[in-house]
Amino acid sequence: MSRPGFAYDFPHSSLLSVGDLNPLDVSMIFERASLHFDANRRKEPRERTLDGLAVVNLFFENSTRTLASFEMAAKRLGADVINFSAGSASISKGESLADTALNLNAMNPDVMVVRHNAAGAAAYFAKVTGAAVVNGGDGAHEHPTQALLDAFTLTRHWGDIGGKRICIIGDILHSRVARSNISLLNLLNAEVRLCGPATLLPADADRWGVTVFHDLDEALEGCDAVMALRMQKERMSGGLIPSDREFAALYGLNHARLDVASPDCLVMHPGPMNRGVEIDGALADDPERAVIMEQAEAGVAIRMAILELITGRASNQRYVDDGTGDGA
Ligand code: CP
């Protein structure tokens with residue numbers, strides 16, 4: 001979906017699942033995001049590549065990072081942005097999801113970013129409307145832009161993720177972040193470990209191309225990065241752990257638990273974070289270990305890249321074919 005004179009031949013007009021991406025797609029996203037990340041850090045204004053486009057953020061579930069970073073990403077690139085939340089949308093008056101989707105699409109937005117508590121909601125939006133849709137998190141299913149920003153953060157530290165050992169800890173069962181990360185890290189040839197109590201791990205997790213652990217010390221052995229997940233109690237139908245205190249004692253990350261990991265082990269968390277439960281506050285704030293704020297920073301750059309690429313607006317003078325055969 002590239003325009004003449006534009007560089008990136010990105011083959012997707014929506015982003016619903018990490019499973020739709022191949023390594024070349026990911027490298028295009030990361031290359032573009034890298035330019036934006038550095039420019040954002042230097043507070044340089046960006047080329048208004050999304051000028052004239054409208055991005056609708058439709059969030060039926062709460063969000064801090066995803067909503068703010070999509071809005072910031074779109075505005076930095078010159079798009080018009082309209083935000084809807086569940087409370088302000090007419091779905092609260094009984095309108096169906098399909099009617100909401102069709103009515104918004106009738107206004108001809110260029111991209112709809114959808115977050116919903118039902119798995120498959122973003123794909124349903126795309127199917128009903130035929131519009132460009134980005135999945136901003138659908139139930140316990142997927143959160144593709146989160147996985148991309150997580151992997152992008154790791155590549156900024158390591159260059160290549162291939163062969164690195166990464167452990168995801170905690171409530172894997174209800175985590176769309178875990179599912180998208182597992183797909184993407186496998187695609188990038190990392191070694192993925194999962195660790196948590198049996199009640200918070202899907203029964204078929206050992207068929208996901210990962211190694212499953214229930215003992216945190218064993219799981220952390222030699223890890224290059226660890227990702228703590230919060231307990232997603234809003235998706236639990238019953239008590240799956242005895243108490244937060246017991247979970248923290250067995251699976252909570254802190255400096256001492258990382259003694260068995262690689263000396264340079266990076267500590268990640270997608271947020272929102274429950275300090276003292278899945279991660280100790282001192283570790284979360286340790287600038288030598290934690291890259292949690294860098295993940296939030298990368299979220300804007302990744303979402304800038306995604307919005308440009310799916311709309312065919314990613315331009316890069318270095319890659320524009322000017323007819324001389326050697327680029328610009
Ligand atoms: N990581 C993440 O999706 O955070 P929000 O729920 O704040 O968007």
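Quick caveat: nothing in here was measured; it's all calculated off a predicted structure. Because only heavy atoms are used, hydrogens play no part in the values below, and waters and symmetry mates are left out as well, while side chains stay in. First listed ligand is number 1; within each ligand, the first listed atom is number 1.
- Checking side-chain atoms of Asn181 against main-chain N and O of Val177 turns up a donor-acceptor pair under 3.5 Å.
- Atoms of ligand 1 found under 4.0 Å from any heavy atom of His143 (numbered from 1 in listed order, with element): 2 (C), 3 (O).
- Between the side chain of Arg115 and the main chain of Gly136, a donor-acceptor pair closer than 3.5 Å is present.
- Residue-to-ligand polar distances place Pro270 within reach of ligand 1: an N/O pair is separated by less than 3.5 Å.
- Remark: among candidates Arg115, Glu61, Arg65, the nearest residue to atom 6 (O) of ligand 1 is Arg115, based on non-hydrogen atoms.
- In this structure a side-chain-to-backbone donor-acceptor pair under 3.5 Å is missing from Arg46 to Asn40.
- Closest to atom 7 (O) of ligand 1 among all protein heavy atoms lies Thr64 N, 2.7 Å.
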Contacts table for residues 106-113: side-chain donor-acceptor under 3.5 angstrom, sequence neighbours left out:
residue, atom, partner, partner atom, Å
Asp110, OD2, Ala54, N, 2.8

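- More than 12 heavy atoms of other residues, nucleotides or ligands shown are found within 6.0 angstrom of CD on Glu44.
- For ligand 1, the polar-atom distance check finds an N/O of Gly271 within less than 3.5 Å of one of the ligand's N/O atoms.
- Under the 4.0 angstrom criterion for non-hydrogen atoms, Gly137 is not in contact with ligand 1.
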